[in-house]
Amino acid sequence: MQGLMMNYQLTIPTILKRAEQVYSYKKIVTRQPDKSFHEYTYADFVSRAKKLTLALQRLGVQPGERVATFCWNHYRHLEAYFAIPTFGAVLHTLNIRLFPEDLTFIANDANDKVIIIDKILLPLFEKFKNNIQARTFIVISDDGQVPEGMYDYETLLAAENEASFVYPDFDENQASAMCYTSGTTGKPKGVLYSHRAVVLHSMGAALPDVMNLSEIDTVLPVVPMFHANAWGLPYTATMVGAKQVYPGPHLDAVSLLEDFEREKVTLTAGVPTIWLGIIQHLEANPNQFNLTPDMRMVVGGSAAPEGMIRNYDKFNLRVVQAWGMTEMTPLGTMANLPSALKDASDDAKYAYRASQGTPAPMVEIRARGDEGLIPWDGKTMGELEVRGPWIAASYYNAPQGADRFTEDGWFRTGDIVTIDFRGTVKIQDRSKDLIKSGGEWISSVDLENALMAHPKVAEAAVISVFHPKWAERPLAIVVLKQGQSATAEELKDFLMPKFATWWLPDAIEFVDSIPRTATGKFLKTALREQFKEYKVGVS
Ligand code: AMP
């Protein structure tokens, strides 16, 4: 139609081009495996990302094909974040914390063609390498020594001339990246992000009432680049031209505090576990670090405890809660204090900041209870449903996930919430039976099935209980078969060979019976209520 706007495609290469033209002098800093600091400019970054694009094309990767990464947060991972989607291929970030069996399934389901691996992660990679279809491996190393049959990242880049790079034009609805989410049952499910979703998400996330990110910021994503694209921060930060700092494999409290201080970080982001560790260090050593006053610490992935938000305020550090999901690129809501609460009591302010906040522009919310859509009265509970331009419309290759989408095109989050008249979302419970420990999922169903395979166990339910470091940890509630006796140690030993150590329940409680719903399912809400004061210690 005449008289309308240009049909400009919202693609990731447009972010790269702007970074090159406008922010060439800005810095990107990385903490290397040996703890030294690597520093270069956006100009270096763009030049190397272009060379990586050319190298991948030379290896025969076609638009639409997947290139996976198995890496920590660092500048070369950022190069991959841009180089892969820039020529229409799909960035698939493999989560290094998953089990080899899951990684095998995920790499094959995604049909990964090439995998880029950190040299220090090769021992983990070896555990599933021979079971996957991909046969082209690129290793990121600092010494150029890579195993036979694998390519060295730096050698590949050195062979390219960036002058042959041309910014491509393509449809914004093409896939740019993919991540997998864990499910309560069945296999992990893939989420494919379009270029349009990533670009709109970056613009939405940068807004003042969302992450409030701009060129003057220095951003350090602690949230892994292998989990929900580090909440989109690599794209958002590059779009606005912020200075970027990547922590590499060093996620302990002292290393992160050193990074914050040295680079004068103004915004960082991660799961509660990270911030719970850091506050303990700050409280024990209040004068050790000189941090930027009002540094914003975005916390999400699990609920931020109100006490933690209060404790950080004492150090002039501002925890801001965000809620999101892998299926949502991932940002949904954010809890920046609204003007209406400016003169409210401290308790009211903290209560708001401990909520999940209000939806970002373009994210529509509603919640459904037993009687249909719930009123926004802050009291009635329902399952949160969302829709918007950066929310998945279906899962990749996974018909079993179809029930997560409503007939009228909304995504069912599985989170049970209340919503108040200002659109403030407060998560009350999770309908999914997953436990989120240190930002990573543990399936209660898998643990229950394994426990119930024990000859002395009649029934077992696993719920999450609060943990001061990991936010959530599994507690197993077990009913023994009549006349049997068993110890918690005995059951743990039984589980040991089947699970990674961090999946094992922190405690096992023996009861006479487990409450059930009308349809015979374990009534986990009742169990969670019964064990809500249950204490598991720091380990
Ligand atoms: P993931 O896809 O791994 O990012 O997990 C998404 C899920 O994490 C959500 O459905 C919530 O259950 C949980 N979650 C994320 N952010 C928060 C938050 N701020 N508070 C409570 N739960 C959260």
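We count ligands from 1, going down the list as the structure has it; atoms in each ligand are counted the same way. Start at 1 with the first residue, then count along the sequence.
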Look at the side chain of Asp112 and the backbone N and O of Arg66, then say whether any donor-acceptor pair between them is shorter than 3.5 Å. no
Gln321 heavy atoms within 4.0 Å reach ligand 1 at atoms 18 (C), 19 (N), 20 (N)
Check whether any heavy atom of His227 sits under 4.0 Å from an atom of ligand 1. yes
Distance filter under 4.0 Å to Gly301 heavy atoms, resulting ligand 1 atoms: 8 (O), 13 (C), 14 (N), 15 (C), 16 (N), 17 (C), 23 (C)
Which of the atoms of ligand 1 are close to Ala303, meaning less than 4.0 Å from one of its heavy atoms? 18 (C), 20 (N), 21 (C), 22 (N)
I'd like to check which ligand 1 atoms, numbered from 1 as shown, lie under 4.0 Å from a non-hydrogen atom of Ala322. 16 (N), 18 (C), 19 (N)
Centroid separation Tyr235 to Phe82 less than 6.0 Å: yes
For ligand 1, which atoms have a heavy atom of Met325 less than 4.0 angstrom away? 2 (O), 4 (O), 6 (C), 9 (C), 10 (O)
Assess Asp415 for proximity to ligand 1: is some non-hydrogen atom of it under 4.0 Å away? yes
SB check Arg353 Asp346 (cutoff 4.0 Å): no
Just distances here: any N/O of Ala304 and N/O of ligand 1 closer than 3.5 Å? no
Mind checking whether Gly414 has a heavy atom under 4.0 Å from ligand 1? no
Aromatic contact between Phe128 and Phe70, with the criterion being ring centroids under 6.0 Å apart: yes or no? yes
If we only count N/O pairs under 3.5 Å, is Val299 in contact with ligand 1? no
Asp408 bridged to Arg366 by N-O distance under 4.0 Å: yes
Is the shortest distance from a heavy atom of Pro330 to ligand 1 less than 4.0 Å? no
Side chain, backbone, both or neither: Thr326 near ligand 1, heavy atoms under 4.0 Å: both
Taking both backbone and side-chain atoms of Ala228, is any N or O found less than 3.5 Å from an N or O belonging to ligand 1? no
Does the ring centre of Phe499 sit less than 6.0 Å away from the ring centre of Phe99? no
Least distance between heavy atoms, Pro247 atom then Pro221 atom: CD-O, 3.5 Å
Check the side chains of Asn397 and Asp109 for a donor-acceptor pair under 3.5 angstrom, ignoring hydrogens and angles. yes
